[in-house]
*Asks:* 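This is the structure, below, for whatever I ask next.
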There are 4 protein chains.
Amino acid sequence: MPKQKISEKELIWASLKVFRERGYHNTSMADIGAACGLNKGSIYHYFPGKEELMKAVILEMHEHYKQKVFIYAYDERLEPMERLKRLGEFSEKIFLSSNNGCLMGNIALETNSVLPEVSLLIKAFFSDWIAAMAHVFSKKYDEQKALALGKESVAEIEGAVMMMRIFEEQDYLKRAHQRIYQKYGVSETC
Amino acid sequence: MPKQKISEKELIWASLKVFRERGYHNTSMADIGAACGLNKGSIYHYFPGKEELMKAVILEMHEHYKQKVFIYAYDERLEPMERLKRLGEFSEKIFLSSNNGCLMGNIALETNSVLPEVSLLIKAFFSDWIAAMAHVFSKKYDEQKALALGKESVAEIEGAVMMMRIFEEQDYLKRAHQRIYQKYGVSETC
Amino acid sequence: MPKQKISEKELIWASLKVFRERGYHNTSMADIGAACGLNKGSIYHYFPGKEELMKAVILEMHEHYKQKVFIYAYDERLEPMERLKRLGEFSEKIFLSSNNGCLMGNIALETNSVLPEVSLLIKAFFSDWIAAMAHVFSKKYDEQKALALGKESVAEIEGAVMMMRIFEEQDYLKRAHQRIYQKYGVSETC
Amino acid sequence: MPKQKISEKELIWASLKVFRERGYHNTSMADIGAACGLNKGSIYHYFPGKEELMKAVILEMHEHYKQKVFIYAYDERLEPMERLKRLGEFSEKIFLSSNNGCLMGNIALETNSVLPEVSLLIKAFFSDWIAAMAHVFSKKYDEQKALALGKESVAEIEGAVMMMRIFEEQDYLKRAHQRIYQKYGVSETC
DNA sequence: GATGAATGAGACTTCATTCAT
DNA sequence: GATGAATGAAGTCTCATTCAT
């Protein structure tokens, strides 16, 4: 990329914000261009089309989570509860910094019956997230139980983020994380 | 055809399915027409525009929930736990009968920054649902705790429904409801 | 016409007002229906279509002018100048009673290149009007001069009515008529 | 095509012809596209919509008149009568070169009750024209008389142009101009 | 004769994509 | 690589007309 006005990463992150806020179908290439100082047509030098861009955004987000969030689940130097808290803190940081909810959740609902390739990538993201949570829970519970807790944890977070967006109330997410910590901790004391 | 080919209610329910599956922006008036055997132009005899139709769909769904679901929360002849179960059973029936998740959730995320009037109606729906859940919890907990439990219950259901849609796994919803029942019952035993 | 809700004449006069105000292409059948308390579809019991209705309106207006205005031109009991004044007074009465100018002029410009049958009827109206004016002038001038004066008189009135509509100033028409009276009278004194 | 297929001016003048011939409401974006070799959608690269295009057309025409016609009214090197003649010759040249009358008049009547912003621009055009004529008449008459003569001159021309269009007779305009010249000259000899 | 829902063509407009410069 | 005009399909919506009741 010799003289690109902006880097591919910059384009992706700018697109991410627009997609998260406006959704996939309600975002035009012109919107994205406006968000990153590029002309509509120039986006096609970076990606072959809108759907491919959407996929790149999802992959980038997925990678970001892997490196910045999920990674704590596998950090064997940390206590399991500490890992859960790190996971939680990062999620919170990400979700609370935007009013527009979770890109993955937002786009998932919109593209699920309609753009299978996009759906698949989103599914992979959530699978990884669930696996990370389950991995932590597996320190205390058997595989099956741990997986179930991973699933319900992610579901609760996504539910909370949806409600946060609808009601503009940040409590939802914090409480969801507290419930998750309790899933791990409660049986210790109970 | 002298009188309406289909009733307004039929149009609304047909639209509901299309909107739930394809989302708001990716649904065209032609899609809706095709779904109910009407020419796209004819829909304007029923509603003045797409957004108004969307609003009617949401109001209809809201009314449906009030009469078929929320009502159990206020049925004083039933035990609180029985009420929770009725609420749960009906939610499950509704959500499991479609592969496309929750209309309200799907549309909420897509319209939130973009169609304020629609957002408002969706917010009202979720407020009612939370109030119904909270009302049941208030039989056992104080107002504040009951409200918090109502909020987290609805959030968990919506999170579960989202995951259900993404993974096509029905377990999510059943487990969410079990967790909700436990919210009411667990402290009895613990 | 046994049980018509309104008479054909009433429909025509109601349509006339709408066409004069909104023009031909910007008037919908629904507009006309609204103006006469009839349903859109019912108009087709009176006239086979919008263009035919327009033609009927023009013919009615033409007939009205013949009977109420042009007739004075041929009333041999009146002095020529008196005839001119009667013609003028009636024109003024008609044009000043609406803010929307002259139906014939308004529609003429809009349909001229586009609806030949309508144009033809409008042409016939203006021909009659010119002939009436010319007939009066022929009392004093030769045929050719009288015809020229008729033409310029009608043109001046139409120009004045156009300006009246644009500027909402009623002077234009009165002055135009004064000039017309002078066309007859001035050479008497000059 | 990297740069514009046609210039904005070319689009405006092509549109002008179509609007003058077919009127505002009966002209479609496709008509305009066809008239200038552009796809109807492409017109939106030049103007944000049909009404804005109409306004640009009117402004262009106004500007054209200012520079090519009205200017003579203020050329103090010329005799007043000479100025009137120049004004007349240019008007004639413009109006006789098309069979479709005066854009301003045609559009004025159609948009008067319906597109206020367009009406305003048309009004401004006629005001300028009247002012130009009045300026010439003010060389001989007092302000008030000069203004009245300006108004009636413009009205007469517009009336003549309307008749010209209806009857396809070019005499109207020439005679109207002769009458205008007489307005200036007649009292010299009479 | 009146109704008003249905139709289907066509209106204005948007937009993902292409491509000449 | 960036531009932005052009495209053509598709979107929302309007409307003259038809027709079953």
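Order of the sequence lines sets the chain letters (A, B, ...), proteins ahead of strands, with each chain counted from 1.
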*Asks:* Looking only at heavy atoms, what is the nearest atom pair of B:M104 and B:I58, with distance?
*Replies:* CE-O, 3.4 Å

*Asks:* Are B:K5 and F:dA20 close enough that a side-chain N or O sits under 4.0 Å from OP1 or OP2?
*Replies:* no

*Asks:* Whole-Å distance between E:dG1 P and C:E10 CD?
*Replies:* 16 Å

*Asks:* Is there a side-chain contact between D:E51 and D:V118 (heavy atoms, below 4.5 Å)?
*Replies:* yes

*Asks:* How do A:I6 and C:S28 order along DNA chain F: which one's closest nucleotide is nearer the 5' end?
*Replies:* A:I6

*Asks:* Between C1' on F:dA16 and CZ on C:F19, what's the gap in Å once rounded to a whole number?
*Replies:* 12 Å

*Asks:* Kindly state which residues belonging to residues 34-60 of chain B come within less than 4.0 angstrom of DNA chain F, counting heavy atoms of the residue only, listed by number.
*Replies:* B:K40, B:G41, B:Y44, B:G49, B:K50

*Asks:* Would you indicate whether the side-chain heavy atoms of A:R165 and A:M162 approach each other to under 4.5 Å?
*Replies:* no

*Asks:* To the nearest angstrom, how far is C:H25 atom NE2 from F:dT14 atom C1'?
*Replies:* 15 Å

*Asks:* Considering only heavy atoms from C-beta outward, does the side chain of B:F47 approach that of B:L11 to under 4.5 Å?
*Replies:* yes

*Asks:* Whenever both distances are under 3.5 Å in a Watson-Crick or G-U wobble pair, mark it; put DNA chain E into dot-bracket that way, with [ ] for crossing pairs and | when the partner is on another strand.
*Replies:* .||||||||||||||||||||

*Asks:* What orientation do B:F19 and B:Y24 show, parallel under 30°, tilted 30 to 60°, or perpendicular over 60°?
*Replies:* parallel

*Asks:* For a side-chain contact (heavy atoms from CB on, under 4.5 Å) check, start with the C-alpha distance between A:W13 and A:K17, then their side-chain angles and the critical distance, and finish with the verdict.
*Replies:* CA-CA 7 Å; A:W13 284 95; A:K17 283 178 192 157; 5.9 Å; no

*Asks:* Assign each of A:M29 and D:T27 to its nearest nucleotide of DNA chain E by heavy atoms, then name whichever residue's nucleotide is nearer the 5' end.
*Replies:* D:T27

*Asks:* To the nearest Å, give me how far apart CD (A:Q4) and C1' (F:dT3) are.
*Replies:* 15 Å

*Asks:* Using the ring-ring contact (aromatic ring centres under 6.0 Å, His included) criterion, which residues pair with C:H45? Sequence neighbours excluded.
*Replies:* none

*Asks:* Between C:I32 and C:S15, which heavy-atom pair has the shortest distance, and what is it?
*Replies:* CG2-OG, 3.4 Å

